[in-house]
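Take a look at the structure below.
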Amino acid sequence: MPEPAADNTPNLLVEPREGFAWVTLNRPRLMNSLDSATLEELSRAWSGLENQKEIRVVLLRGARERAFSCGAELSEILEKSPEECYALSRRGQQIFQQIAGSRLISVAVIHGLALGAGFELALACHFRLAASEVKLGLPEIQWGFIPGYGGTVRLPRMVGRNRALEAILMGEPVTAELAMSCSGLINYVHPRGVLYQEAENLAQKLLSRERSAQEAVLQAI
């Protein structure tokens, strides 16, 4: 995994491979939190990958093992006015929709905590792979917030209204195993030691399928 970001190190690392790319949230000292600068870097990186015709799959992860992403950066939110928070939320929704609506097949590779906006980012992806015993969820209600980057829409669509209400109103994280067995929210759970290899194996399987048909499926769904 990448070393912790220095002050002049990008918040995001992009590593193109043959047919796919790894995108790494590179803020490990802050548990890969998603501030506005990181969100904008993610948007620019996604646009750049979409312009590379040979890239068809993106594997998204966080630096180091502690967290995929712990969510939005609370210190940034607390400094903003209600109007500025609303604008930040809308921008985050636009960027996550950019990922959800992309021609690129996105895979969230969840090796550590995925909470709040970090989990909402995973929800915007087409696949979710997780390491065993990883915790994930939308705990915003515990701090008097609501999920602001699309979780209140995407989660009910994926798991149904009742389970989504329970998850959001209680704000209690669950394990990846439970999320897979109860709702199918997680596609695959793997031991941590083989998670990245399994993600690349999935990318290769996706690359072996007919491209135009895959893109038509993404548009139709």
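Only a predicted model underlies this, so the values are computations on that prediction, with no experimental measurement involved.
- Using a distance-only test at 3.5 Å, with no hydrogens or angles considered, a donor-acceptor pair links the side chain of Glu120 to the main chain of Tyr149.
- A salt bridge does not link Arg56 to Glu215: none of the charged nitrogens lies less than 4.0 Å from a carboxylate oxygen.
- With a 4.5 Å cut-off on side-chain heavy atoms, Ile146 and Leu138 do not count as touching.
- Not one N or O on the side chain of Arg128 forms a donor-acceptor pair closer than 3.5 Å with the backbone of Ile110.
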Exercise for the section: Using the salt bridge (charged side-chain N to carboxylate O under 4.0 Å, His left out) rule, take Arg27 and Glu73 through it: C-alpha gap first, then chi angles, then the decisive distance, then the call. Expected result: CA-CA 11 Å; Arg27 308 183 77 209; Glu73 193 163 307; 2.7 Å; yes

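- Gln94 and Ser43 are not linked by any side-chain donor-acceptor pair at a separation below 3.5 angstrom, with hydrogens and angles left out of the test.
- When each of Leu60, Leu59, Asn187 is paired with Val107, the side-chain contact (heavy atoms from CB on, under 4.5 Å) condition holds for Leu59 and for no other.
- Note that the CG atom of Leu74 and the CD1 atom of Ile77 stand 5.5 Å from one another [nearest 0.5 Å].
- In this structure a side-chain-to-backbone donor-acceptor pair under 3.5 Å is present from Glu210 to Ser212.
- Of the N and O atoms on the side chains of Gln93 and Arg90, at least one donor lies less than 3.5 Å from an acceptor on the other residue.
- Within the cation-pi definition used here (under 6.0 Å to the ring centroid, within 45° of the axis), Arg61 qualifies as a partner of Tyr196.
- In this structure, a donor-acceptor pair under 3.5 Å is present between the side chains of Asn201 and Gln197.
- A donor-acceptor pair under 3.5 Å is formed between the side chain of His126 and the backbone N or O of Ser106.
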